[in-house]
Amino acid sequence: MRQIRAAVLGDVTPGAPHLVEADGTKLVLVRVGDQVHALGDACAHQGGPLSRGKLSGARLACPWHGFMYDVRTGQCLFPARGVAVPSYPVRVDGDAVWVDLPDP
């Protein structure tokens, strides 16, 4: 695992997905309450940009076909047959948002 400084906390607006590229990986950062979560930006269904999706609580809907993911785990909540998207551990240190990415 490698820790990548992905964003400044103030740039991750609560309730709005935030696209970042961290070490060549496109991520969507989502701030729910005091927690920041990181997912891969591509929907597992057909690659839709989750960073352009609609956030409702801890659920993020893909803008293309409505597949819905739990931002805390990456699990697909709707439809039931959906596949999870990658979820990455996040640490906030002061105003820095750090994401743990797997080694290449």
Side-chain angles (χ1 to χ4, degrees):
M1 275 294 177
R2 62 195 196 281
Q3 290 189 344
I4 306 296
R5 185 176 175 161
V8 174
L9 184 60
D11 292 341
V12 185
T13 306
H18 181 71
L19 176 65
V20 297
E21 188 167 329
D23 203 26
T25 302
K26 285 189 177 182
L27 303 172
V28 58
L29 299 178
V30 178
R31 191 170 174 181
V32 179
D34 293 335
Q35 298 290 316
V36 177
H37 306 279
L39 302 174
D41 186 46
C43 176
H45 175 231
Q46 288 188 348
L50 294 177
S51 57
R52 294 188 189 163
K54 183 177 180 185
L55 185 66
S56 178
R59 296 175 178 202
L60 180 59
C62 177
W64 287 3
H65 301 106
F67 275 55
M68 192 170 295
Y69 298 92
D70 184 327
V71 299
R72 299 166 294 191
T73 64
Q75 289 297 314
C76 186
L77 301 172
F78 179 83
R81 70 183 187 287
V83 177
V85 295
S87 174
Y88 305 97
V90 175
R91 177 177 58 88
V92 176
D93 185 9
D95 69 344
V97 178
W98 295 84
V99 178
D100 288 348
L101 295 177
D103 291 324

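Placement of Val97 and Leu19 in two distinct hydrophobic clusters is found when ILVMFWY residues are connected by side-chain heavy-atom separations under 4.5 Å, directly or transitively. Taken together through direct or relayed side-chain contacts under 4.5 Å among Ile, Leu, Val, Met, Phe, Trp and Tyr, Leu27 and Val36 form part of one hydrophobic cluster. A continuous path of hydrophobic side-chain contacts links Val20 to Leu9 [ILVMFWY only; heavy atoms under 4.5 Å]. Connection of Met68 to Val28 is not established within any shared hydrophobic cluster, with ILVMFWY side chains joined at heavy-atom distances below 4.5 Å, either directly or through further cluster members. Residues Leu101 and Val92 fall within the same hydrophobic cluster, defined by Ile, Leu, Val, Met, Phe, Trp and Tyr side chains chained together at heavy-atom separations under 4.5 Å.
Heavy-atom neighbours of Arg91 CZ from other residues, nucleotides or ligands within 6.0 Å: above the threshold of 12.
Scanning for side-chain hydrogen bond (donor to acceptor under 3.5 Å, both in side chains) contacts around Arg52 gives an empty result, with sequence neighbours left out. Applying the ring pair (Phe, Tyr, Trp, His ring centres under 6.0 Å) test to His45 and every residue at least two apart in sequence or in another chain returns His65, Phe67. Taking Gln35 as the reference, nothing meets the side-chain hydrogen bond (donor to acceptor under 3.5 Å, both in side chains) condition, with sequence neighbours excluded.
Taking each heavy atom of Ala7 and Leu29 in turn, the nearest pair found is CB-CD1, 3.6 Å. Looking at every heavy atom in both residues, Ala6 comes nearest to Val99 through CB-CG2, 3.7 Å. Residue Ala84 comes nearest to Gln75 through the heavy atom pair CB-NE2, 3.8 Å, listed as atom of the first residue, atom of the second, then distance. Here the closest non-hydrogen pair linking Asp11 and His18 is O-ND1, 3.4 Å. Closest heavy-atom contact between Gly53 and Pro17: O-CG, 3.4 Å. Taking each heavy atom of Gly74 and Tyr69 in turn, the nearest pair found is O-CD2, 3.5 Å.
Put simply, the side chain of Asp103 gets close to the backbone of Met1: a donor and an acceptor are under 3.5 Å apart.
Residue pairs meeting the salt bridge (charged side-chain N to carboxylate O under 4.0 Å, His left out) criterion with at least one member in residues 23-34, sequence neighbours excluded: Arg2-Asp23. Residue pairs meeting the ring-ring contact (aromatic ring centres under 6.0 Å, His included) criterion with at least one partner in residues 79-98, sequence neighbours excluded, do not occur; the list is empty. Screening residues 77-88 for salt bridge (charged side-chain N to carboxylate O under 4.0 Å, His left out), with sequence neighbours left out, gives no hits.
Here NE2 of His37 is found 11.5 Å from CG of Leu60. Values are rounded to the nearest 0.5 Å.
Using a 4.5 Å cut-off on side-chain heavy atoms (C-beta onward), Leu50 and Cys43 make contact.
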